[in-house]
Protein chains: 2
Amino acid sequence: MAGNLKRPSPMYKQLADQLAEAIASGELEPGVPLPSETKLMQEYGVSRPTVRSAVAELRTMGLVDSEQGRGSFVRNQDAAPSVTLARTLRRSGKRFEAESAFSAIESPTITRTHITGAAAALLERDEEAAFAVERLLSDPVTGARYAHRTVIPLDVAEAVPQLAERPDAELTEIYATLTEAGHALTWQESVTARAPLPDERAALGVSDGAPVLVSRRVTYSGDDRPLLLEELRASAAHTQLTFRITPEKAPTRRRAGSV
Amino acid sequence: MAGNLKRPSPMYKQLADQLAEAIASGELEPGVPLPSETKLMQEYGVSRPTVRSAVAELRTMGLVDSEQGRGSFVRNQDAAPSVTLARTLRRSGKRFEAESAFSAIESPTITRTHITGAAAALLERDEEAAFAVERLLSDPVTGARYAHRTVIPLDVAEAVPQLAERPDAELTEIYATLTEAGHALTWQESVTARAPLPDERAALGVSDGAPVLVSRRVTYSGDDRPLLLEELRASAAHTQLTFRITPEKAPTRRRAGSV
DNA sequence: TATCATTTGTTCGTATGTATC
DNA sequence: CGATACATACGAACAAATGAT
């Protein structure tokens, strides 16, 4: 980790890259502090703002955590994927069971809303009324927190009285209820990630630079009519989601270059 | 959007919050530029560094994109999940087909490596030798780019000669080969996300503040012996992954509080 | 084509606040 | 209490990209 920075490519980025490489190579181990800002200024012959920009880069890359009065510490990334949430369902007859178990931090809140945004596209309903059930959950082992939200369109709730009465029933119960109501259920889950919103940082305990995983599961009647939506949000630093891939038995259509 | 900032809570954060709120409320619509840094300095009576810190916050929140010489523009978040990659397999007899098709940007590169890190855990092999096949792919419609990596442990390749000869065959071919070799294949995919590394920014075209989705698919023989690993990386700003959830037929064990 | 005003990007310097040890 | 560390905020200058003149 010597002290030579050429131009161009901003000096703060070069410094960030060098530090990132030192972290990746293990030269700077998790838990140990970076050299202080003053040291880095002297070592590399750059000014304070340049050093601070470099360290800020490392923070947004999720490589270090800075603590006022102490230092900037290399984050332990091996301990990163700690919690694995299996997004699998088990079924026996008309009963369902979810693979991953949570404990609720607060009791669920039920509200009446309208379906907008991503939910509208997935439920194929725009601006229609719906029940929304919000839960704040935590993993019983690690204490990691999750936000869970269920959206039940009003037309679905009206067709199945038990849903309207207890929209906050457990999801496995709801699946059973819908099955008894004659629906042949199928599910599709879609996963993406984004930077946390300000309120999510606190609620989900998202560490600096870590994204939020957003997973949305749609329950269909048959293969195509959306009945309800679940949305799960979690800090990606603590969580990975797993899916069992089951090949569909379907006629082969030719396609080129797929991987 | 008036100009009153109290202390404490850093002024740059207050300014960032006010701008974020203006974006959330629709006062600042997607595509329109924020007031210029000079304007914001005057409006709020703060210095240029303070304004720049605030805008930097918005960038890492993924709310705006800044372009030198032009301005900082509110990002269109509705157009965010543009590309949907279905992580589903289809099967007919011993033939397989992937749902999502890509076109290769470069021809695959084959290297000999050792299995470490997340791959070691998933393949249940530590430091063992393996083929690694790297591909840079793109979506034929949108042009979005993906990095794909296949890891084939050497013991698997040696047991199935076709793999050792052409480790860079298409995955569906490899699945077929393994099936013909007598393996009953199953798959498990795990998804997480993280901030992009410096080289990924360029290779995957990751916009500022957007995380990278990392999805790893393990192919098992039977239910438990890992044969090979695929790793797919993509910018979460452009991509969502979809999974078909197929309930497993299994005896019901009781569990509390699952959602 | 060349110039110029505007806008963001980079880098320096300096001062002060605040948490930690 | 004092030394050290990061956090915030100011001012200033120049670079680089853009778009219009």
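Within every chain, numbering begins at 1; the chains are lettered A, B, ... in the order of the sequence lines, protein sequences first and strands thereafter.
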Roughly, in whole Å, what's the span from CE in A:Met41 to C1' in D:dT4? 14 Å
Whether B:Phe243 and A:Phe243 hold their rings parallel, tilted or perpendicular, with breakpoints at 30° and 60°: parallel
Minimum side-chain heavy-atom gap A:Val64-A:Arg75 below 4.5 Å: no
Can you tell if the side chain of B:Leu171 reaches within under 4.5 Å of the side chain of B:Glu230, non-hydrogen atoms only? yes
Let me know the distance between CG of A:Leu40 and P of D:dT4, rounded to the nearest Å. 16 Å
Of the options D:dC10, C:dC12, D:dA13, whose atoms approach the side-chain atoms of A:Ser47 most closely? C:dC12
Can you spot which of A:Thr192, A:Leu204, A:Leu232, A:Leu241 makes a side-chain contact (heavy atoms from CB on, under 4.5 Å) with A:Leu213? A:Leu241
Within the 4.5 Å heavy-atom criterion, are B:Tyr44 and B:Gln18 side-chain neighbours or not? yes
Quick check on D:dC10: is either OP1 or OP2 less than 4.0 Å from any side-chain nitrogen or oxygen of B:Thr50? yes
Can you see whether B:Thr84 engages B:Gln240 through a side-chain donor-acceptor pair at a distance of less than 3.5 angstrom? yes
Pull out every residue in residues 58-72 of chain B that has a heavy atom closer than 4.0 Å to any atom of DNA chain C, ordered by number, or say none. B:Arg59, B:Ser66, B:Glu67, B:Gln68, B:Gly69, B:Arg70, B:Gly71, B:Ser72
As a test of reading the structure: which of C:dA15, D:dC10, C:dG9 is closest to the side chain of B:Glu37, going by heavy atoms? C:dG9
Measuring to OP1 and OP2 of C:dT10, would you say a side-chain N or O of A:Tyr12 lies under 4.0 angstrom away? yes
Nearest-Å distance, NZ (B:Lys39) to C1' (C:dT6)? 10 Å
Is the closest side-chain heavy-atom distance between B:Glu231 and B:Val151 below 4.5 Å? no
Just the rounded figure in Å: distance from C1' of C:dT11 to OH of A:Tyr44. 18 Å
Let me know the distance between NZ of A:Lys13 and C1' of D:dA15, rounded to the nearest Å. 14 Å
Does D:dA7 have its OP1 or OP2 closer than 4.0 Å to a side-chain nitrogen or oxygen of A:Arg52? yes
Choose from C:dT11, C:dT7, D:dT8 the nucleotide whose nearest atom is closest to any side-chain atom of B:Pro10. D:dT8
Rounded to whole Å, CZ of A:Arg48 lies from C1' of D:dG11 at a distance of 17 Å
Answer for the Watson-Crick or wobble partner of C:dT6, both distances under 3.5 Å, is D:dA17
